[in-house]
Number of protein chains: 2
Amino acid sequence: MTSKRTKLQEDTHFRVLRLLQENPEMSQRELAEAVGVSVGGIHYVLNALIEKGLVKLGNFTAAEDKRRYAYVLTPRGIARKVALTRAFLVRKMEEYEGLKEEIESLQVELDANAEKKLS
Amino acid sequence: MTSKRTKLQEDTHFRVLRLLQENPEMSQRELAEAVGVSVGGIHYVLNALIEKGLVKLGNFTAAEDKRRYAYVLTPRGIARKVALTRAFLVRKMEEYEGLKEEIESLQVELDANAEKKLS
DNA sequence: TTGTTACCGCTCAAAGATGAACGATGTGGA
DNA sequence: TCCACATCGTTCATCTTTGAGCGGTAACAA
């Protein structure tokens with residue numbers, strides 16, 4: 001089994017690839033907000049994705065804004081994202097089931113407590 | 001809105017209180033495993049709970065094992081746990097809904113991709 | 001032109017989380 | 001009895017993550 005940390009990192013990579021495929025002109029801050037990590041963290045994963053050749057820097061279209069980049073998925077980036085999708089989905093479905101069980105057991109607990117108060 | 005970190009900490013406190021109410025003789029390692037944080041982290045929250053008077057150290061029953069403690073909820077600890085339950089449940093239900101949406105959108109994406117391959 | 005404001009990518013000190021290792025204690029077999 | 005081993009709570013060097021703040025650029029108003 002791969003480590004918890006590796007999985008979280010993979011999740012983040014996947015989320016970033018997904019968001020960028022949809023809109024390559026998102027800023028680092030927007031990405032950070034959307035995936036739920038810090039700006040520093042996003043900067044780091046973007047570098048990693050560029051390093052791996054999954055994302056390349058393009059020009060920001062609107063008015064050639066020199067401050068910012070467009071983060072464009074390369075063909076390999078697109079392939080990578082597709083490959084990650086299933087594993088990600090499986091992981092999220094497991095989380096979903098776990099959460100479902102936890103919620104149910106909490107509700108049982110609350111109900112039991114409510115009854116006790118009545119008696 | 002309280003910070004993300006505060007919420008996670010509150011979640012951990014709640015989980016620990018819940019587990020200890022059910023079984024006060026869990027070891028720090030067992031707790032760590034069950035709530036998904038490190039042993040160091042559990043040690044830290046246990047100290048915090050004891051400091052707040054929500055948990056007190058009791059004797060481990062079986063054969064008076066001097067190495068270990070029983071972590072017993074005080075009345076205030078029980079009250080605190082009840083108070084945290086609803087907030088925790090609400091948070092988990094929100095997470096549940098979020099996860100549900102994410103999973104659905106992923107499935108749509110995979111289906112679209114599958115169709116494209118066929119054509 | 002000259003300020004003011006806002007946001008960009010990027011950095012790094014500070015804060016947080018981790019888990020291997022330690023001394024102490026219990027267990028079971030030689 | 002003695003020894004080897006397992007597990008206890010606890011510590012702390014190490015790694016990870018955070019987000020305020022920096023220098024730079026754009027947009028707008030005066």
Side-chain angles (χ1 to χ4, degrees), chain A residues 1-17 19-20 23-52 54-73 77, chain B residues 1-17 19-20 23-52 54-73 77:
Chain A
M1 157 170 162
T2 46
S3 78
K4 190 171 156 188
R5 192 169 293 132
T6 304
K7 280 192 199 169
L8 282 182
Q9 198 180 15
E10 204 178 279
D11 276 14
T12 302
H13 281 207
F14 173 73
R15 276 192 226 269
V16 169
L17 288 174
L19 286 165
L20 289 180
N23 175 20
E25 298 184 357
M26 285 183 79
S27 73
Q28 296 189 358
R29 271 161 242 263
E30 285 168 340
L31 286 168
E33 167 84 7
V35 312
V37 306
S38 65
V39 284
I42 282 292
H43 183 72
Y44 179 78
V45 326
L46 279 176
N47 273 19
L49 293 175
I50 290 166
E51 184 75 20
K52 286 187 194 171
L54 306 181
V55 167
K56 71 175 201 294
L57 295 180
N59 291 331
F60 187 66
T61 57
E64 290 289 325
D65 190 325
K66 278 178 204 139
R67 281 176 310 179
R68 55 193 305 178
Y69 305 122
Y71 303 99
V72 185
L73 265 65
Chain B
M1 161 169 163
T2 48
S3 78
K4 188 173 158 188
R5 194 169 289 133
T6 304
K7 281 192 199 168
L8 281 181
Q9 199 180 13
E10 203 177 278
D11 276 14
T12 302
H13 281 208
F14 173 73
R15 276 192 227 269
V16 169
L17 288 174
L19 286 164
L20 289 180
N23 175 20
E25 298 184 355
M26 286 183 78
S27 73
Q28 296 191 0
R29 271 161 243 265
E30 285 167 341
L31 285 168
E33 167 85 7
V35 312
V37 305
S38 65
V39 284
I42 282 293
H43 183 72
Y44 178 78
V45 324
L46 278 176
N47 274 18
L49 293 175
I50 291 166
E51 184 75 21
K52 287 189 195 172
L54 305 181
V55 166
K56 71 175 201 296
L57 295 180
N59 291 330
F60 187 67
T61 58
E64 289 289 325
D65 188 327
K66 278 179 204 139
R67 280 176 310 180
R68 56 194 304 182
Y69 304 122
Y71 303 99
V72 186
L73 265 64

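Just so you know, these numbers come straight off a predicted model, no measurement behind them. Chain letters run A, B, ... following the sequence lines, proteins first and then strands; every chain starts at 1. Note: hydrogens, waters and symmetry copies are ignored here, and every other heavy atom, side chains too, is used.
Nearest nucleotide to the side chain of B:Val39, out of D:dG9, D:dT11, C:dG9: D:dT11. Comparing C:dG19, D:dT18, D:dC8 by their closest approach to the side chain of B:Arg68 singles out D:dC8.
For B:Tyr44, no side-chain nitrogen or oxygen approaches OP1 or OP2 of D:dT11 to under 4.0 Å. OP1 or OP2 of C:dC8 has at least one side-chain nitrogen or oxygen of A:Ser27 nearer than 4.0 Å. Look at A:Gln28 and you won't find any side-chain N or O under 4.0 angstrom from OP1 or OP2 of C:dC8.
Among the candidates A:Glu30, A:Glu33, A:Arg29, the single residue satisfying the side-chain contact (heavy atoms from CB on, under 4.5 Å) test with A:Val39 is A:Arg29.
To the nearest angstrom, P of D:dG9 lies 9 Å from CG of B:Leu46. Summarising the geometry, the separation between CD1 on B:Ile42 and P on D:dC8 is reported as 13 Å, rounded to the nearest angstrom. In this entry the distance linking NE2 of B:His43 with P of C:dA21 reads 19 Å, nearest Å. Put simply, CG on B:Leu31 is 17 Å from C1' on C:dT18, counting in whole angstrom units. Across the protein-nucleic acid pair, B:Arg5 atom CZ and D:dG19 atom C1' stand 9 Å apart, rounded to whole Å. Note: CZ (B:Arg29) to C1' (C:dA20) measures 10 Å, nearest angstrom. In this structure, NZ of B:Lys4 is placed 19 Å from P of C:dA15, rounded to the nearest angstrom. The nearest whole Å value for the distance from the OH atom in B:Tyr69 to the C1' atom in D:dC8 is 9 Å.
Comparing A:Asn47 and B:Gly40 by the nucleotide of DNA chain C that holds the closest heavy atom to each, the one mapping nearer the 5' end is A:Asn47.
In this structure, B:Gly77 and B:Leu17 approach most closely via the heavy-atom pair O-CD1, 4.2 Å. In plain terms, the two heavy atoms of A:Gly36 and B:Lys4 that are nearest each other are O-NZ, 2.8 Å. Taking every heavy atom of both residues into account, B:Leu31 and B:Leu46 meet most closely at CD1-CD1, 4.2 Å. Smallest separation of non-hydrogen atoms from A:Tyr71 and A:Gln28: OH-NE2, 3.2 Å.
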